[in-house]
Amino acid sequence: MTALNVGPTPLARIGRFMADNPLVPLILLLVGLVALLQILQPGVVNSRWLANTIKVAIPLAMLAACQTLTMLTGGIDLSAGTVATISAFATATLTPLVGAPAAILIALSVALVIGLVNGFGVAICRVHPLIMTLGTALIASGCLLVYQRYVIATGTKIPDFLVWLGTGRTLGLPNGLFLFLPFATLVIWMQRRTGFGRLLYALGSNEAAARLSGVRSWQVLLSLYALSGAIAGLTGLLYLGVVKTPSLSLALPLDLPSVAAAVVGGTSIFGGRGGFGGTIIGALILTVLGTMLTLMQIPEGGRRILFGLIILAVTALYIRLTEQGR
Amino acid sequence: MTRFLSKNSRTVGLAALLALLLVATKLIQPDFGASGLESLARAVLPFAFATVGMTIVVIAGGIDLSMAAMMAVASVTAAVLMEGASDGQAAIAVLGVLVLGLVMGAINGTLIVLTRVPDIVVTLAMLFVWQGVALLILNAPGGGAAPWLRDLVVGGVVLPGLPTALTEWLPKAVLFLVIAVALIWVPIRRSRLGLMLYAIGSDQLAAFRSGIPVGLTRIVAYALAGLFAALGGLSVTMGTGIGEPIPGPYLMASVAAVVLGGVVLGGGRGGIVGPVLAVFILRLVRMDLTLLSVDPNVTAIIEGTITVAVVMFGGLLAVRGMQK
Amino acid sequence: EGYKIGISNTVQGNGWREEMICAMKAEALASGKVDSLNIAHRNTDAAGQLEDIRNLIQAGVNAIVVNPTNADGINAAIKEATDKGIVVVAVDQAVTEPSAYILSNNQEEYAYIGAKWLFEQMGGKGAVVYMRGAAGAGADNDRDKGFKRAMAEYPDITIAQEVFTGWQQDQGKQQINDIIAAGVPFQGVWTSGIDNVIVDAFTEAGAPLVPIVGADNAGFVSQLSSVEGLKGAAVTNPGSVGGAGVALAIQILDGKVPAEKTVLVDPVLWDNTTEEGKAQIAAAQNPNLSPEWPVSVSIPGWTTYTMDQIIACKGPGE
Amino acid sequence: MAESETTAPVLDAEGVSKRFGAVQALRDASLRLGKGEIVALMGANGAGKSTLVKILTGALRRDTGHVRIRGTEARLNSPAAARRSGLVPVYQEPSLIPDLDVADNLRLGRTPVDAFRHWVAEMGISDLRLDDVIGDLPLATLRILDLARALAAEPDVLMLDEMTAALPTDLVEKVLRVVRQQADGGRSIIYISHRFAEIAAICDRATVLRDGATVGNLKIEPGIEERVVELMLGGKVAPVASETRSRAAASGDSAIIPRLRLRGLKAGTRLADVSFELNRGEVLGVVALEGQGQDELFDVLAGNRRPAAGSLEVDGRPVAFGHPADAIAAGLTLVPGDRAHALLMSRSVRENIALPLLARLRDWGAIRVRDEAARVTSAIERLQIDTRAQGEVRRLSGGNQQKVTIARWIAKGVNTLLLFDPTRGIDVRTKRQIYGLVRELAGQGAAVLFYTSELSEVPQACDRVVVIFNGRVVDVIPAAEADEATLMRAAYGLSRAGTEPA
Ligand SMILES: Nc1ncnc2c1ncn2[C@@H]1O[C@H](COP(=O)(O)OP(=O)(O)OP(=O)(O)O)[C@@H](O)[C@H]1O
Ligand SMILES: Nc1ncnc2c1ncn2[C@@H]1O[C@H](COP(=O)(O)OP(=O)(O)OP(=O)(O)O)[C@@H](O)[C@H]1O
Ligand SMILES: [Mg+2]
Ligand SMILES: [Mg+2]
């Protein structure tokens, strides 16, 4: 380097740091939102609120893991909310009949089977993931409605363990973390440090190139969608514990937010870019935003408009911050 | 001819499937005829407009998740403006709603270009914004629609000079759809602008380097989607006579129809005919399931299976076409 | 030769609506006069309901029982049906088309009596958390009118927070959690059918309970008698009105045309602060029922099926 | 300046700089172009040539510097604006719209069809249909179409960025002729290529870039090559690959089992009947004109396509590949001709190189980070990859991207390497290094099949060469006799004196 090439300015250096560590600006934005919330509603940011926010964000983040992982390959899993609902409903209705462990096992198996069906369609029949998962969601919800007619009078019971996980607190923090922390660690480790994780990015980036390098993409996709189904099933169990009502549409309202959490967290729907770390922050951002709007005394229409505009502003800011370094 | 067939194998396949379904419907319900077609066409209308709008943005390499929400804004605006209005005022209101659609779409597009945030995030955010706007305009179903507007899509076509029996089987709603699409999309498709839309969807960088104003073209794509959303919202109001602030199930339906119709998510490939045929097929399947008095919960299962099966079959056709 | 009856409903996967469908099937079966039911049951808007009704007309049904998306949006198709001699009965909500018969739960009254009881409990003053249904829905709007009517009668009652649950359990629970955590002061909760999760939220947070008004959903009704310190009331909003609608349609087809085209099913309030209310709650209890199902599974004078029949949820020919 | 220009320059760039985040792509680039002049823009991979062209054609904004067109300061905001000023590029990557057909691409750029057809025919592509979809056309054809489109626009200044890198020799000659004619007709041309023969054949001057700055401007004359290389590399002259050719395995010793034996291989419409043997320790060249079936041949060997007929033996055992993974398992690894088909553009250099290490089901578990890092680093060093923009391969210069496609298999370990024109767009120094690398691999017992469109590479890298014409092997020539003239004759299907074509 010659004298002509003066070192980068401090601003550019900060920019590059942000670009290399995209989680940092995302966390800063989250902190900014929390500060805004505290200004709008003084005193709201307390430990109880924090525990509450984490509790609500966990199932959202877990369901968004399904979206993140599938989106890395350029896919999507629109059946995640349905699978979670089915898993929750099956657990609650089967527990009085066969006991909690067996009920949970059945519920998770059903989730895995739906995931495998998705995987079969996407990986082997090459159906577009959006259509495949939308299709299985329709089919599965039809099956759920048929099933529920047979268990109207059997009563429901939510396993105590799930209630403890969903609503209990330890040292002021929600017990859901006992499930989520290992889960998140595992997912992030898998996505960064395992061959399978790398292949997800590879398929999303250029499937033909991955093929030329010897990757059999059907194996990856089949495993991926099965995994996604299993994660959705697990989320359903946790959500059952959180909400404590086995509704027929329990986790369906999470479908769109789970996609939103992933994209706000920096994962590209066209594949090859992003990660679960960002998704977790994305889920927290959405949850904090939800609280902010709940507590705001304005007409519902205004709330939705604000919600949309803030999401847009946060993502635009995020892109500005990380782009500096490019 | 063979080249045409292999290039359009998807569309031809869908048309054949539609014909097959029509025959099946006639077998299920022997008195299925002009009135059946007519009600089918009216049901298709909002879905078709949503799908056409979605097709255009998808071809241009984007996606518009705010489609149904924009339809709701158009629908409530039209209903509020037309309630108790004279025919002349109602006509102005209709024009105003179409302009509103263009403006909403252009806002979506401009935000995408200016913020450089991915299309899916911007339109997801705008989905909430337009929902909010619809609620602010009308917080519960209400408003009205001018009778002449509602008559525009009711019944069969009657052309002066031609025997009624010859034209009557063709529902006015189909004619309305065809005319609207032909007036807006066909001239664009044939112009350089149409190519530009395909070009930015196919390869944005190559398009930019070929001297195409990429940002502007994207805005145009979204504005067109907004215009078709307005037409969709208007057709909801035409059918129901009111405006509903809650968006109907048009978003997912239109994305599904776009993919079923052979348009590639990611852009650059496909046309408008396939997705519109797909819309007709999906509506007709629903009609047949009702006619057969299938258990409603099983209906969902069948609809899901058919959707997936059509895509699998379409994929097979495409592979065949490539091998030729 | 029995009748062929069509059914159109636009919300799927919600306990109330599922009960309504089961009531319709059970009544059709119990009457012994119905050959087949054509049911269009999915999530859609008024335009979609127009499509469904027209499909039912195509299917050649004798009567259509419809839970309308809103009062004005489906008039055109109803008119087409009645012009063809098909009997149309709107249940749950009213329609403005005069040729239809209406057998509806009185939504405005539903909100009014609940709110009035709540404000009374609060001593006529204080702040209330107002948890509505889905923004922009017709029924929500009707209920709002009733709620506002009660508000007008109690000038010292203010709204601490107004939120829309979208009739989703998780949304409602999250919102009440936020409100409790934020320390917003309030003395009562009125909620539009998302109720048992609200009580749960109080107990889980260890927050002092305030009077809560909900609907007659199995979960909430059981909480009214089991949760320590809970003062509350359930307002009935029977999903079985669907069964009543089928019964009315059959009567009309049989030639027994009612004098009035509109019949309102008026809601009843069961509270756990009076002996009479406690007795009603105890009688209505049904711990085995899905918590989202309303416990009022039949409407005396209208429906003829048994408890077992509605739970079996089978229609003619199944 | 090496010489004083008499006329005012058509294009004059001065002190141009451009930074991409961490990478200072251009620091102080200058360039002058007179009327009717062809200036070669030279520099090692990553020196900033393409960046300069993009700036001069409005595809990128410069950070600092001046650009004057015919003496007046130019504000080049978009490719369209540059075009209006008479500046028309052919970029290093194809810039046609893949999903549109040829006719629509022409309409899109308002290119006159007749002129376009004229130029396409001039460059010897006869079977082009206007309704062919761009995405279905071979890379070489795309380059010609790009050029024809630029020529049809009748530009004042034509900029050709490695236009010939993907072209076979016969097409290169036609292109060179056309370009020279353009200059003779008064147009000015910026010509980028890593092939000295081409520069010597048509260019008037060379402007040399090093690390983003113009370091020299000299007249082309015989013997200039080493001067330019010195300038490009900044004095640190590269260790030229040693001429240690083993050439042992070249002889057809029938006792040893060949690594690879092809018998009557047929695929698609072009590959008709190919048989030959590839031994361990051998670098076997493949020479063919455009479209003689070489693509299908490599695709079949790489398991990317099934043959219609014929047999394939690896180490004497018959094999049939259903997927590239099968070929890789048998030790056959491909560096494809089109790097766009091989690279994960949005991923890092490291992930791209490590990709084959993780492909098999049994590699799905934890990555052995240290082992991977060691392999990747050593491959990067051996190929001298400029890793300044390593976070995303798309940000690398074209030549460095090409190197990544090779490095991948070096890191994995090579048994049989199938190289399809591997030196496309690679600078002289690295090219020599690659020849050395290939020889070294062969020396260690690997077998290498080396297709090249640059005939001068054959004697430097190969032991023997098979010539394919019309989908058949028409000749097998020892490297010692494989001078360009001989190869060219053979490639056109003309028999060599004294030998009968197979
Ligand atoms: N968009 C970009 N982002 C970051 N760095 C870039 C970008 N484009 C180019 N660069 C970097 O700028 C430098 C110059 O690249 P350029 O493509 O101009 O090289 P070149 O001289 O054309 O090389 P080659 O002979 O390999 O084509 C390289 O280090 C490259 O990595
Ligand atoms: N070995 C390879 N592996 C993967 N892709 C390749 C390989 N060789 C060439 N390609 C790519 O495949 C396409 C066709 O290759 P090429 O341009 O050489 O075609 P061709 O042989 O002239 O024509 P055709 O393939 O139609 O017979 C091009 O895009 C090229 O870059
Ligand atoms: Mg370059
Ligand atoms: Mg070729």
Side-chain angles (χ1 to χ4, degrees), chain A residues 1-9 12-13 15-22 72-74 186 189-220 222-224 227 268 270-274 322-326, chain D residues 15 17 19-24 27-28 211-213 299 302-304 322-329 333-336 338-348 350-352 354-369 372 389 391-395 405 408-409 412:
Chain A
M1 295 270 150
T2 59
L4 243 177
N5 186 20
V6 286
T9 62
R13 224 179 297 146
R16 198 174 327 141
F17 174 76
M18 300 260 199
D20 291 342
N21 303 281
L72 288 182
T73 65
L186 205 71
W189 173 76
M190 183 197 78
Q191 151 216 308
R192 290 204 186 149
R193 286 294 171 90
T194 67
F196 179 70
R198 285 269 188 86
L199 293 185
L200 298 182
Y201 288 96
L203 288 189
S205 185
N206 186 349
E207 187 168 342
R211 185 183 135 90
L212 276 184
S213 290
V215 179
R216 295 184 200 267
S217 45
W218 69 267
Q219 295 174 336
V220 182
L222 186 68
S223 319
L224 170 65
L227 176 68
S268 155
F270 295 117
R273 238 180 291 186
T322 49
E323 229 175 33
Q324 279 283 309
R326 298 244 159 100
Chain D
S17 78
R19 171 187 277 283
F20 297 104
V23 181
Q24 186 78 44
R27 284 185 290 128
D28 179 20
D211 292 339
D299 266 355
N304 202 22
H323 188 280
D326 298 333
I328 292 168
T333 51
L334 169 75
V335 172
D338 189 346
R339 55 182 168 258
H341 294 180
L343 293 173
L344 313 174
M345 286 293 180
S346 58
R347 304 307 300 169
S348 68
R350 174 170 178 162
E351 278 181 45
N352 269 278
L355 181 57
L357 301 175
L358 308 166
R360 289 166 310 171
L361 208 52
R362 75 174 102 129
D363 305 318
W364 279 14
I367 294 170
R368 280 172 300 170
V369 181
E372 180 187 286
E392 274 186 305
V393 161
R394 78 167 82 238
R395 296 175 194 284
T405 64
R408 171 181 291 168
W409 297 117
K412 161 106 175 152

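Computation of the quantities below employed the complete heavy-atom set of this structure, encompassing side-chain atoms and omitting hydrogens, waters and symmetry-equivalent molecules. Just so it is clear: chains get the letters A, B, ... in the order the sequence lines come, proteins before strands, and each one is counted from 1. Since we're looking at a predicted model, the values are computed, not measured.
Side-chain atoms of D/L358 and A/T194, non-hydrogen and from C-beta on, never get closer than 4.5 Å to each other. Contact check for A/R273 versus D/E392: side-chain heavy atoms found under the 4.5 Å cut-off. Side-chain contact between A/Y201 and D/S346 is absent, with no heavy atoms from C-beta onward closer than 4.5 Å.
Take D/R360 and apply the salt bridge (Lys or Arg N to Asp or Glu O under 4.0 Å) test, not counting sequence neighbours, and it matches D/D363. Among residues two or more places apart in sequence or in another chain, the salt bridge (Lys or Arg N to Asp or Glu O under 4.0 Å) test is passed with D/R339 by none.
A/R198 and D/E372 are joined by a salt bridge, as a carboxylate oxygen and a charged side-chain nitrogen come within less than 4.0 angstrom of each other.
In summary, the side chains of D/R347 and A/N206 do not present any donor paired with an acceptor at a separation below 3.5 Å, with no hydrogens or angles considered.
When heavy atoms are compared at a cutoff of 4.5 Å, A/S268 does not approach chain D at all. Contact annotation for D/V369: only side-chain heavy atoms (C-beta onward) come within less than 4.5 Å of a heavy atom of chain A. For D/R408, the part lying near chain A is the side chain, with the backbone staying farther off; criterion is any non-hydrogen pair under 4.5 Å. With a threshold of 4.5 angstrom between heavy atoms, D/D326 approaches chain A through its backbone and through its side chain. Proximity to chain A is limited to the side chain of D/R394, based on heavy atoms less than 4.5 angstrom apart. For a residue to count as touching a neighbouring chain, one of its non-hydrogen atoms must lie under 4.5 Å from one of that chain's; by this rule D/A340 touches chain A with the backbone only. Both the backbone and the side chain of D/A366 come within contact range of chain A, with heavy atoms under 4.5 Å apart.
A pairwise comparison of heavy atoms in D/L344 and A/A209 identifies CD2-CB, 4.2 Å as the closest pair.
Here CG of D/D299 is found 8.0 Å from CG of A/L212. Values are rounded to the nearest 0.5 Å. Here OG of A/S213 is found 9.0 Å from CG of D/L343. Values are rounded to the nearest 0.5 Å. Separation of atoms CH2 (A/W189) and CD1 (D/I367) is listed at 9.0 Å; rounding is to 0.5 Å.
Most heavy-atom pairs under 4.5 Å with chain A: of the set D/T405, D/T333, D/I328, D/L357, this distinction falls to D/I328.
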